[in-house]
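One structure is given below, encoded as structure tokens.
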Number of protein chains: 2
Amino acid sequence: MSVMQKSGLGPGPLIILVEPQMGENIGAAARAMLNFGLTGLRLVKPRDGWPNAKAGAMAAGAAAVIDNARVFGNLEEAIADCQYVLATTARKRELHLPVFEPPAAAEQLHHRIDADQTCAILFGPERAGLATEHVALAHGIFTIPVNPAFSSINLGASVLLAAYEWGCAAGRTQSFGSRIDTATAATQGDVDGLVGHLVSALKDTGYFYPPEKREVMERNIRTVLTRVEFAQNEIHLLRGVVKALSEKRRGK
Amino acid sequence: MSVMQKSGLGPGPLIILVEPQMGENIGAAARAMLNFGLTGLRLVKPRDGWPNAKAGAMAAGAAAVIDNARVFGNLEEAIADCQYVLATTARKRELHLPVFEPPAAAEQLHHRIDADQTCAILFGPERAGLATEHVALAHGIFTIPVNPAFSSINLGASVLLAAYEWGCAAGRTQSFGSRIDTATAATQGDVDGLVGHLVSALKDTGYFYPPEKREVMERNIRTVLTRVEFAQNEIHLLRGVVKALSEKRRGK
């Protein structure tokens with residue numbers, strides 16, 4: 001995979017909106033596409049004609065996607081150069097087609113686009129979705145796992161999820177709570193320094209009372225301050241806090 | 001995990017929109033939430049007041065989410081009962097917070113919500129996103145891996161991706177080395193109490209010097225103490241520590 005493709009800005013699936021009704025949704029789709037590196041938009045018989053000012057307004061900075069959109073008179077023409085087509089639908093069809101949820105669809109598409117296939121995802125009109133004869137032109141079903149009690153998903157939202165999963169599949173690097181690396185993690189010595197400083201200050205106050213509980217009280221403090229995984233600059237901050245509180249007490 | 005939760009209709013993270021500007025985006029957020037089984041919406045100072053007819057129109061069939069939205073005068077109040085908060089942001093911050101991409105965030109949230117924690121995801125205003133002082137109130141960063149060449153993502157789109165990943169994770173939740181144990185997690189209110197107590201004690205010492213740096217010094221303290229995810233008993237321990245240090249200073 002080239003660097004271009006890894007950045008999400010290489011070739012990607014075409015997004016084909018079949019008989020879209022609202023310009024706002026076309027614009028939202030364009031913006032969502034570019035958010036995840038997709039640029040190829042095709043429209044089949046947009047209800048309000050083309051170009052559409054509302055589409056341009058909703059696209060925000062993604063005007064290039066709108067400006068380069070290609071318009072077709074029917075779906076067959078729009079997919080004539082495509083080698084692999086997925087149809088978005090929520091409803092069950094009497095069609096013997098493989099069904100892909102978004103991550104699986106994205107991997108399927110990456111695999112084919114890496115092999116230089118021209119791929120597309122079809123989205124139907126807002127009100128009714130794709131007609132069965134349109135779905136029948138596809139190689140597979142792209143389905144979004146919505147709440148069955150409220151499955152009416154916005155057209156722009158469907159395009160967004162397809163684009164998002166496309167973008168994610170490009171990197172597929174899961175970061176499980178990785179820290180922002182600008183801060184250096186404290187060493188155990190840093191933490192010991194903070195604990196020692198605090199315990200010393202607390203001794204002066206009579207905090208460790210009764211004396212036989214001192215050990216467990218000290219351990220509790222150490223436990224809290226150890227498990228936190230402070231950054232070094234946080235340790236400095238906290239030592240400043242302890243210093244301020246304890247120095248004043250000594251009458252400075 | 002109960003059947004309710006598996007269906008995505010059990011408890012989920014609260015979605016908190018901070019100073020949202022356009023009613024349409026609030027409505028789109030509500031619809032996206034319900035598409036993936038989320039229902040708890042909170043608004044902090046919505047620009048155009050509340051209720052908002054445009055929000056209702058865009059929510060389509062998700063009127064119940066809009067009708068049950070709660071409105072707050074500031075973010076601190078909106079998250080006072082929350083035990084774990086993620087802040088959505090694209091920009092890098094000088095904050096020592098863990099960063100989660102959507103799938104990792106969803107698993108983190110599932111894990112905590114299964115343990116009965118109250119969780120929330122914060123989204124900032126359309127134009128500028130969350131302010132740093134708002135991000136500083138969170139335990140982690142929720143970040144969406146957008147195309148760096150076009151990262152301006154719509155507010156409703158951000159909420160959609162969070163809700164979508166929440167819904168997807170419902171099927172594949174598994175515990176991963178997290179340290180949620182039997183201790184009850186502190187609420188944001190508990191942390192506020194500790195921060196207030198400490199700041200008050202520090203004011204008496206002259207710690208906040210020079211005065212023009214006070215705000216940033218105070219925020220640094222708040223950031224450290226928030227991200228730690230204290231248990232309630234740890235908060236009590238630390239308030240005892242602050243009390244000991246500051247009382248003695250007052251000459252007791």
Side-chain angles (χ1 to χ4, degrees), chain A residues 7-9 28 31-32 34-37 60-62 101 103 144-154 156-157 160-161 164 167-168 171 174-180 182-183 198 201-202 204-207 220-221 224 227-228 230-231 233-234 237-238 240-242 244-249, chain B residues 7-9 28 31-32 34-37 60-62 92-101 103-104 108 140-141 145-154 157 160-161 164 167-168 176 179 198 201-202 204-207 220-221 224 228 230 234 237-238 240-242 244-249:
Chain A
S7 74
L9 296 174
R31 181 173 177 180
L34 195 56
N35 278 148
F36 298 100
E101 293 207 351
I144 295 169
V146 286
N147 172 5
F150 184 64
S151 61
S152 161
I153 190 165
N154 172 265
L160 174 73
L161 293 178
Y164 164 74
C168 289
Q174 297 250 342
S175 57
F176 279 90
S178 60
R179 281 272 163 77
I180 290 173
T182 51
L198 180 58
L202 284 170
D204 296 347
T205 71
Y207 174 80
N220 286 345
I221 289 171
V224 178
R227 79 152 181 80
V228 168
F230 286 117
N233 60 2
E234 292 176 328
L237 172 74
L238 292 174
V241 165
V242 174
L245 289 170
S246 54
E247 276 187 350
K248 189 75 175 195
R249 185 179 42 68
Chain B
S7 73
L9 297 172
R31 180 172 177 183
L34 195 58
N35 276 149
F36 297 100
K92 294 222 169 178
R93 314 277 181 155
E94 297 295 310
L95 297 169
H96 186 65
L97 289 172
V99 179
F100 300 95
E101 292 204 354
Q108 185 68 235
I141 302 282
V146 286
N147 172 6
F150 184 63
S151 61
S152 160
I153 190 165
N154 173 265
L160 173 73
L161 293 178
Y164 164 74
C168 290
F176 52 95
R179 40 146 205 82
L198 180 57
L202 284 169
D204 296 348
T205 71
Y207 173 81
N220 287 343
I221 289 172
V224 177
V228 168
F230 286 118
E234 291 176 327
L237 171 73
L238 292 174
V241 165
V242 175
L245 290 170
S246 53
E247 277 187 353
K248 189 74 176 198
R249 186 179 40 71

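So that the names make sense, note that chain A is the first sequence line, chain B the second, and so on, each numbered from 1.
Remark: A:Ser152 engages B:Arg31 in a side chain to side chain donor-acceptor pair (under 3.5 Å) (not counting sequence neighbours). Taking B:Ile221 as the reference, A:Leu237, A:Val241, B:Leu198, B:Leu202, B:Tyr207, B:Phe208, B:Leu225 meet the side chain to side chain contact (heavy atoms under 4.5 Å, CB included) condition, with sequence neighbours excluded.
Of the atoms belonging to B:Ala62, heavy atoms from both backbone and side chain fall under 4.5 Å from chain A. In this structure, chain A has heavy atoms under 4.5 Å from both the backbone and the side chain of B:Ala157.
Taking each heavy atom of A:Asn147 and B:Leu34 in turn, the nearest pair found is ND2-O, 2.9 Å. Listed here is the closest heavy atom pair of A:Pro103 and B:Tyr164: CD-OH, 3.7 Å.
Looking only at heavy-atom pairs under 4.5 Å with chain A, the residue among B:Leu161, B:Asn220, B:Val242 that has the most is B:Leu161. Interface summary for chain B: among A:Leu238, A:Ile153, A:Asn35, the most heavy-atom pairs under 4.5 angstrom belong to A:Asn35. Heavy-atom pairs under 4.5 Å with chain B peak, among A:Ala60, A:Gly156, A:Ala32, A:Pro145, at A:Pro145.
The CZ atom of B:Phe36 sits 6.0 Å away from the CD1 atom of A:Ile144 when rounded to the nearest 0.5 Å.
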